[in-house]
Amino acid sequence: MKTQRVRLTRKPQQALQTSDFVVEQVELDELQDGQLLLRPQYLSLDPYLISFMRNWAGPSRDWSEGIISGRYVAQVVASRAPGFAEGDLVIGEGHWQELDIRPAKAMRALAPSSLLPSLRLGVLGSSGITAWAGVTQVLEARQGQTLVISAASGPVGSVAGQLAKVAGARVVGIAGGAEKCRHVVQQLGFDACVDHRQADFGKLLDAALPDGADLHFESVGAATLDTVLPLMNDFGRVALCGLMQHYQDNHPISLSNFRDLLYKALQLRGFRISDFADRFKEATAVLNSMAEQGQLHYAEVITHGLEQAPAAYVAMTQGQGIGKHLVHLG
Ligand SMILES: NC(=O)c1ccc[n+]([C@@H]2O[C@H](COP(=O)([O-])OP(=O)(O)OC[C@H]3O[C@@H](n4cnc5c(N)ncnc54)[C@H](OP(=O)(O)O)[C@@H]3O)[C@@H](O)[C@H]2O)c1
C-alpha cells in the first residue's frame, strides 16, 4: 500500500524554509504483530523539532535520513496489538504521513472525552504540562507576586499565565504585535501585555511593572530576558523554558544585563518537561479540570492537508499565528 509522506530533502543551511521539505510517495510495509496501522489526524508542530530538522539527528534513527518523527493524534485503521482496536484514538510519536505503521508500545490510547483531541497535543498535553512545571514547581508563583511571561500567546505561555492567575499572581505578558497582545489580555485574562516589536519596548514593559517583577518565565531568549532582568526585584526567580529566538543558529547568546543576576541575587533555573515525568498525571488533572470548567482559554492555528505541513511548520518557527500550530489531515 502506498501513502504520502513529508520528509526533509536537505539539512537547512540557515532558517528552515519550505524548500527544505518534500512531499513524496512511499510504500508501507506489511503490518506485523505488535504494530498498528494509523491514520494521523493532527500533527503537532513543535519547536523542539527544529534542532532535529537542522541536524538530521533525533531520538529515532529515521532522523539520520531526514525522515520526520513528531507527535500526533491518530486513529487506528488496523491493529495487530492487544488492547487496540480499529477506530481507537491514540497519541504518540510517528511520521508525517497520511498512513503510518507504528509499534503499539509507542502509542497511548486516548480515552473518550468531550474535549477536542487536538488539545492533547497542546494546552492539555506537553505545552500545558511544561507551563504547569514552570509556574508551580520552578517559579512557585503565589498570591501578590508579579510574573512576566514571554511568548505569552503561545500554547506554553498562555497556560503559564492562566495558571499564575489561578495562583493569585499579577501577570504581564510579552508578545509580538498588537493582535497577539489583545488576545493575551482579552481572551487569556492576563493583566497586561507588552508588544516586543515596539521601539520603546523596554520603557513600555517598565511602565507595565510599577512594582517590578518577582518572577519571569522565559521562552524566547536574550531579546526578552535582557529587557526583563533590570526590572526584576531582589531575590526574583527566572524559569528558563525555551530559547525560540536562538534555535535556528549557533551564535553565542549574549546578555548586557547578566550582572543583575548577581546584583539582585536572582535565581535562574532551566527546566525540561522530562524532569517532571512523575508529576504528569497531577499536572494533566489540573489542566483537564480547568478545561472541563471552561476556565482554560486557548487558540489553535490549524492548517489542513499533509502537503501544507512544511509551510505550516515554517510559519510556526517564524512566530506567525496565535496559539498551538497543528496540521489536520482529513
Ligand atoms: N523546557 C521544556 O521542556 C519545553 C517544553 C515545551 C516547549 N518548550 C519551549 O517553550 C517555548 C514556547 O513553546 P510553544 O510551543 O508555546 O511555542 P510558541 O509560543 O507557539 O512559539 C514561540 C514564540 O516565540 C516568539 N518569538 C520571539 N522571537 C522569536 C523569533 N526570533 N523566532 C521565532 N519566534 C519568536 C513568538 O511569539 P511572539 O511573536 O509573541 O514573540 C513565537 O510565537 C519554546 O521555546 C519551546 O522550545 C520547552
Side-chain angles (χ1 to χ4, degrees), residues 14-16 43-54 70-71 118-119 121-135 137-139 148-163 172-185 187-188 190 193-198 201 205 216-228 238-249 251 253 268-277 279-280 283 287 298-303 312-326:
Q14 301 292 325
L16 277 163
L43 305 180
S44 183
L45 306 183
D46 289 307
Y48 78 91
L49 294 176
I50 296 174
S51 152
F52 302 157
M53 288 183 182
R54 288 178 60 80
R71 296 180 313 120
S118 58
L119 299 181
L121 296 166
V123 296
L124 298 181
S126 61
S127 315
I129 295 172
T130 301
W132 176 88
V135 169
Q137 307 300 300
V138 178
L139 294 174
V148 180
I149 300 178
S150 61
S153 74
V156 174
S158 61
V159 178
Q162 292 178 79
L163 288 169
V172 176
I174 298 173
E179 195 190 348
K180 282 189 178 180
C181 274
R182 257 195 309 278
H183 173 80
V184 165
V185 174
Q187 306 300 319
L188 305 176
F190 286 33
C193 182
V194 181
D195 177 1
H196 66 76
R197 294 191 195 152
Q198 297 285 325
F201 165 52
L205 189 61
H216 176 52
F217 191 108
E218 182 57 69
S219 286
V220 171
T224 40
L225 180 57
D226 218 19
T227 309
V228 174
V238 178
L240 182 56
C241 172
L243 291 167
M244 192 67 189
Q245 177 197 352
H246 306 286
Y247 292 151
Q248 302 239 44
D249 66 52
H251 302 316
I253 299 172
L268 184 150
R269 180 175 158 197
F271 73 101
R272 302 159 300 189
I273 183 175
S274 52
D275 302 328
F276 297 90
R279 311 287 298 275
F280 284 4
L287 298 166
Y298 61 86
E300 294 180 319
V301 183
I302 298 185
T303 302
Y313 193 79
V314 170
M316 186 284 296
T317 66
Q318 295 171 345
Q320 294 178 28
I322 299 180
K324 170 73 191 172
H325 287 252
L326 300 150

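All ligand and atom numbering here is 1-based and tracks the order in the structure.
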task = Starting at CZ of Arg71, measure out to CG of Asp46 and round the result to the nearest 0.5 Å.
result = 4.0 Å

With a heavy-atom distance limit of 4.0 Å, tell me whether [X] approaches ligand 1 through its side chain, its backbone, both, or neither.
X      : value
Tyr247 : side chain
Val220 : side chain
Asp46  : neither
Pro47  : side chain
Val156 : both
Met244 : both
His196 : side chain

Around [atom], find the nearest protein heavy atom and jot down its residue, atom name and distance.
atom                    : answer
atom 40 (O) of ligand 1 : Gly176 N, 2.8 Å
atom 37 (O) of ligand 1 : Lys180 NZ, 3.4 Å
atom 20 (O) of ligand 1 : Pro155 CD, 3.3 Å
atom 32 (N) of ligand 1 : Thr317 O, 3.6 Å

query = Any N or O on Gln318 sitting closer than 3.5 Å to an N or O of ligand 1?
reply =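 No, Gln318 has no N/O under 3.5 Å of an N/O on ligand 1.
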
message = More than 12 heavy atoms of other residues, nucleotides or ligands under 6.0 Å from CD of Glu179: yes or no?
response = no

